[in-house]
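All heavy atoms count here, side chains included; hydrogens, waters and symmetry mates do not.
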Amino acid sequence: MKTFLITFSFLFFTLSLFGQPINNKPRIGLVLSGGGAKGFAHVGVLKVLEEANIPIDYIAGTSIGSIFGGLYACGYDAATLERIVKSQDWGSVLSNEYKQEFIPPFDKIDEGRYSVRFPFEEKKLALSNGILNGQNAMELFSYLTLGFHNVDDFSKLPIPFLCIATDLTNGEEVVINKGYLPKAMRASMAIPAAFTSAEIDGQMLVDGGIVNNYPVDRCLEMGADIIIGVDVLDSLMTHDDLQGIPEVIAQMMYFMGKERNEKNTKDVDFYIRPEIRGYSAASFDAESAEELIRRGEVAARRVLPQLIHLRDSLHLVSIPRTIHNLPANDTILVISQIEVTGTDRAKIAFYLGQTGIKRDQHVTLEHLRNGISRLYSTGNYEYVNYQLKGDTTKTLKVEVKERKNNKINAGLHYDSDLRSALLVNITIRNQQFFGSRLSLDAKLSQYPMFSGQYSIDRGWKPGFYSKLMYVADRYYIYNEEKKTAEIDMSMINLQLATHSFITDATRFTLGVSMDNYNIGSVIGDTIGYDIRGKAYFNLFSRIEHNRLDKIYFPTHGTNVSVGAKIVLNNGNSNPFLIGDVSFKRARSFSDRITILYTINSRLIFGKNESFFHKAFLGGSQQIDYMDNNIPFSGLYRLEINTGNVIAGRLETRLRMWEKIYFTAIGDFGLYSDDDFVYGNGKSIYGFGLNAAYNSVVGPLEFSFSFSNYKQDIIPFLSLGYWF
């Protein structure tokens, strides 16, 4: 018996010794700091760690470190993360932009008019606590983490993970290791004032960089024995470095976290600091992203020999893990339930129905994502978040925050034709009553415009549209390139119509209108021109289809408008018909070169039309209140007055830098007061060169052009959004 006990004890001791290295294998933690766009370097570091087969047992991150840390914890490899970085339009991701194809037509017009917008309620402004709502970033995170929406404990991810946020109400650190991963990442990156806070469990959370931008201590608490820390924090900047808002914010966060960052840095075993000079937290352009990833690799390779020595000396083995691939947009989802929070179901029911997502329905992931974008693009919500819970069948959880629908908007514009103008707008919506909308405009300039529009949107079912507008302008009559007369006039336009939105991008309108022309001063010779101050009554219809991806500088898509107007009371003559067609197509051949094809035509069927019913050819103006202006290179604004015109334009646009464009323009047209189908048309061609900068207040453009119609080279300058 004694022999048995001794033998058993020896075997137990021996097995314990053999088991100790396995049970007590050092655990490696990876810490990724915040730093805005400089965090792209994290991806380069991850590439080198994978190459060296360094196993990662825990990940802790702050701000952009939480994004790449969270995605890596889900199972993405470094190559896929690099692909994600390079494939994103970060300007759109980090913005409040709607997807153009889902914006209702009226709102699509508004998107390209205003420089500033202020929501209001009960006679006071209702401002949010940040400029950006994070919608597009949150949508991206929700898509990338599909497959992990059920995971509400981040220790259950393929690699245990946590991230850091700050409680905006008391300034305390919040460690997020549970909940909905996309929202945790969104909270950790919410730079105060730039992004609105994220609400989690009743807390208003913002960027964790305020309190713990390099969370080494939290990674140690997870159980890590060895820390690999990637630091993209800014050093203390000098007077010359502080040249922009991103630099000022980075400097403030440096001071707030200086003491803790220094302490955490001392606890790092393998310190990796990429060279980030020359880049800021806002360097989200493609060229900067590629270079920062490269610099991350360079920095990691400097400590690679030490990491390999660690791996070999401790016999560390990287356990093969399942690589998580990007979710396929054609993935079939079975939606069994739809739950909505943040608003009454009755309020959102109409818009939710427009997404085409219903209970007990099979939908593709692309359909779901488009439905969420469509819901957000109605303009009724600050954000629209989604979560898919369940395994075989899914419960779709939709979380929204109602937007203050009443807004005061303003825009500024200058151009060398019409000089300075200020636009002030008040828009009031009632989403419970079929998306009813009242919009009041006041354009204050040398030639003012005032208008009021009221509409009811019922989707594809007939809705209601009405408009009352007053607009003033000055017209010129030219004879052999010389001005022979100038006419000051004003017009009052009244429209009553029914309209239907056949698709998100297609609107059909049918109605009646009245145009009342009032003639002010007339200077010069107007003999041969029918210039009448008179009210005309019309029947009109129009179908519009706009799938351009951007209002300014589009890269793909089509915009088509076809209209017809019958002028009923044309003096003693019979009614005449005015038809117009405009077509614009954008197509990109690379990320820098875009070709745009444009055709504009306006034809009159009948006789004795007035001067104001004819087409006006010339200039660069993009807004057409009178519905008869066609831009043309090498002509002054409204220079040629003609009954019939067909004009084509070819533009080749080169994006030289992120927001700087050069465009070569070629125009060709036929025009005549007679039916030029039978050879009566006059031909005209023009050329132009345009340089533009897409500024925060709207495009700054300078161009010059010439044509065979005249010998002048015509310059043109404009700044701001057109309205």
**Request:** Give the intermediate values and the outcome of side chain to side chain contact (heavy atoms under 4.5 Å, CB included) for residues R369 and Y143.
**Result:** CA-CA 8 Å; R369 297 181 70 194; Y143 160 68; 3.5 Å; yes
**Prompt:** When rounded to the nearest 0.5 angstrom, what is the spacing between CD1 in I477 and CD1 in I640?
**Reply:** 14.0 Å
**Prompt:** Looking only at heavy atoms, which two atoms of S582 and N600 are closest? And how far apart?
**Reply:** CB-OD1, 3.1 Å
**Request:** Evaluate the side-chain proximity of I665 to L689: yes if any heavy-atom separation is below 4.5 Å, no if none is.
**Result:** no
**Request:** Would you check, one step at a time, whether the test side chain to side chain donor-acceptor pair (under 3.5 Å) holds for R437 with Y454?
**Result:** CA-CA 6 Å; R437 177 182 185 275; Y454 179 75; over 6 Å; no
**Message:** Between M626 and V471, is the side chain to side chain contact (heavy atoms under 4.5 Å, CB included) condition met? List the steps.
**Reply:** CA-CA 9 Å; M626 300 294 184; V471 60; 3.8 Å; yes
**Message:** Regarding R587 and E651, does a basic nitrogen lie under 4.0 Å from an acidic carboxylate oxygen?
**Reply:** no
**Message:** Could you tell me if the side chain of E366 sits less than 4.5 Å from the side chain of L368, heavy atoms only?
**Reply:** no
**Prompt:** For residues Y465 and Q495, is any side-chain donor paired with an opposing acceptor at under 3.5 Å?
**Reply:** no
**Prompt:** Looking at F706 versus F687, is the centre-to-centre ring distance below 6.0 Å?
**Reply:** yes
**Request:** Indicate the atoms forming the closest heavy-atom contact of F195 with M189, along with that distance.
**Result:** CZ-CE, 3.5 Å
**Asked** Ignoring hydrogens and geometry, is there a side-chain-to-backbone donor-acceptor pair from T506 to T503 under 3.5 Å?
**Response** no
**Request:** Check whether any side-chain heavy atom of T555 lies under 4.5 Å from a side-chain heavy atom of R653, and answer yes or no.
**Result:** yes
**Item:** Interatomic distance, I630 atom CD1 to Y671 atom OH [nearest 0.5 angstrom]
**Value:** 13.0 Å
**Item:** Trace of the side chain to side chain donor-acceptor pair (under 3.5 Å) decision for R649 with Y597
**Value:** CA-CA 6 Å; R649 168 172 288 188; Y597 319 86; over 6 Å; no
**Asked** Side chain of N538, backbone of F540: donor and acceptor closer than 3.5 Å?
**Response** no
**Item:** Test item: side-chain donor near acceptor, S561 and E544, under 3.5 Å
**Value:** no
**Message:** Which label fits F616 and Y475: parallel for a plane angle under 30°, tilted from 30 to 60°, or perpendicular past 60°?
**Reply:** tilted
**Request:** Kindly assign one of parallel, tilted or perpendicular to the pair H413 and W722, based on the angle between their ring planes and the thresholds 30° and 60°.
**Result:** tilted
**Request:** Please step through side chain to side chain donor-acceptor pair (under 3.5 Å) for the pair E701 and N690, ending with a clear verdict.
**Result:** CA-CA 7 Å; E701 298 185 72; N690 175 283; 3.2 Å; yes
**Request:** Report yes if the side chains of I456 and R458 come closer than 4.5 Å at any heavy-atom pair, otherwise no.
**Result:** yes
**Asked** Do Q621 side-chain atoms and I623 backbone N/O form a donor-acceptor pair below 3.5 Å?
**Response** yes
**Asked** Would you call K467-D441 a salt bridge at under 4.0 Å N-O?
**Response** no
**Test item: side-chain donor near acceptor, T196 and R186, under 3.5 Å** = yes
**Message:** Are Y98 and Y376, when compared by the centres of their aromatic rings, separated by less than 6.0 Å?
**Reply:** yes
**Message:** Testing the basics here: between N629 and G618, what is the closest heavy-atom pair and its distance to 0.1 Å?
**Reply:** OD1-O, 3.8 Å
**Prompt:** Can we say D580 and R542 salt-bridge, meaning some charged N sits less than 4.0 Å from an Asp/Glu carboxylate O?
**Reply:** yes
**Message:** Tell me whether S288 contacts the main-chain N or O of F284 through its side chain, where contact means a donor paired with an acceptor under 3.5 Å.
**Reply:** no
**Complete:** In terms of heavy-atom contacts, S633 and S707 come closest through O-CB, 3.7 Å
**Message:** For the CG atom of L700 and the CD1 atom of I660, what is their distance to the nearest 0.5 Å?
**Reply:** 10.0 Å
**Item:** side chain to side chain contact (heavy atoms under 4.5 Å, CB included) assessment of K407 paired with F118
**Value:** CA-CA 5 Å; K407 287 187 179 180; F118 300 103; over 6 Å; no
**Prompt:** Taking all atoms of both residues into account, what is the closest heavy-atom pair of N493 and S513, and its distance?
**Reply:** ND2-CB, 4.4 Å
**Prompt:** Would a 4.5 Å heavy-atom cut-off, applied to side chains only, mark I604 and N644 as touching?
**Reply:** yes
**Item:** Atom CZ of F668: over 12 foreign heavy atoms under 6.0 Å
**Value:** yes
**Asked** Are any side-chain N or O atoms of D549 and backbone N or O atoms of H556, one a donor and one an acceptor, separated by less than 3.5 Å?
**Response** yes
**Whether N409 side chain and T427 backbone form a donor-acceptor pair below 3.5 Å** = no
**Residue pair N406 / I426, side-chain heavy-atom distance below 4.5 Å** = no
**Check against side chain to side chain contact (heavy atoms under 4.5 Å, CB included), T663 and L654** = CA-CA 6 Å; T663 306; L654 172 66; over 6 Å; no
**Request:** May I ask you to check if R655 and F553 form a cation-pi contact, with NZ or CZ under 6.0 angstrom from the six-membered ring centre and within 45° of the axis?
**Result:** no
**Item:** Straight-line distance of N425 CG to K443 NZ, nearest 0.5 Å
**Value:** 14.5 Å
**Donor-acceptor side-chain pairing of R547 and T558 below 3.5 angstrom** = no
**Asked** Looking at G698 and L719, what are the two nearest heavy atoms and their distance?
**Response** O-CD1, 4.2 Å
**Message:** Do S95 and N136 have side chains that approach each other closer than 4.5 Å (heavy atoms only, starting at C-beta)?
**Reply:** yes
**Request:** Without swapping roles, check the side chain of R602 against the backbone of D627 for a donor-acceptor pair under 3.5 Å.
**Result:** yes
**Request:** Would you mind checking if D473 and R637 are paired as a salt bridge, meaning a charged N to carboxylate O distance below 4.0 Å?
**Result:** yes
**Item:** Over-ring placement of K483 relative to Y476, 6.0 Å and 45° cut-offs
**Value:** yes
**Fill in**
Taken to the nearest 0.5 Å, the spacing of M469 CE from L494 CG works out to 11.0 Å
**Request:** Say whether, by atom type as modelled, one donor and one acceptor occur between the side chain of T498 and the main chain of G463 under 3.5 angstrom.
**Result:** yes
**N/O donor-acceptor pair under 3.5 Å between N96 side chain and N133 backbone** = yes
**Asked** Between the side chains of Y447 and R474, does any donor sit under 3.5 Å from an acceptor?
**Response** yes
**Message:** Apply side chain to side chain donor-acceptor pair (under 3.5 Å) to residues N370 and S373 and explain how you reach the verdict.
**Reply:** CA-CA 5 Å; N370 287 342; S373 294; 5.3 Å; no
**Request:** Please examine the side chains of R507 and I543, heavy atoms only from C-beta on, and report whether any two atoms are closer than 4.5 Å.
**Result:** no
**Point-to-point distance, once rounded to the nearest 0.5 Å, from OG of S703 to CD1 of I714** = 9.5 Å
**Prompt:** Mind checking whether Y536 and H613 have ring centres under 6.0 Å apart?
**Reply:** yes
**Request:** Quick one: sort the Y636 and Y478 rings into parallel, tilted or perpendicular, breaks at 30° and 60°.
**Result:** parallel
**Message:** Using a strict threshold of under 4.0 Å (side-chain N to carboxylate O), is an ion pair present between K565 and D515?
**Reply:** yes
**Prompt:** Are any side-chain N or O atoms of N694 and backbone N or O atoms of K659, one a donor and one an acceptor, separated by less than 3.5 Å?
**Reply:** no
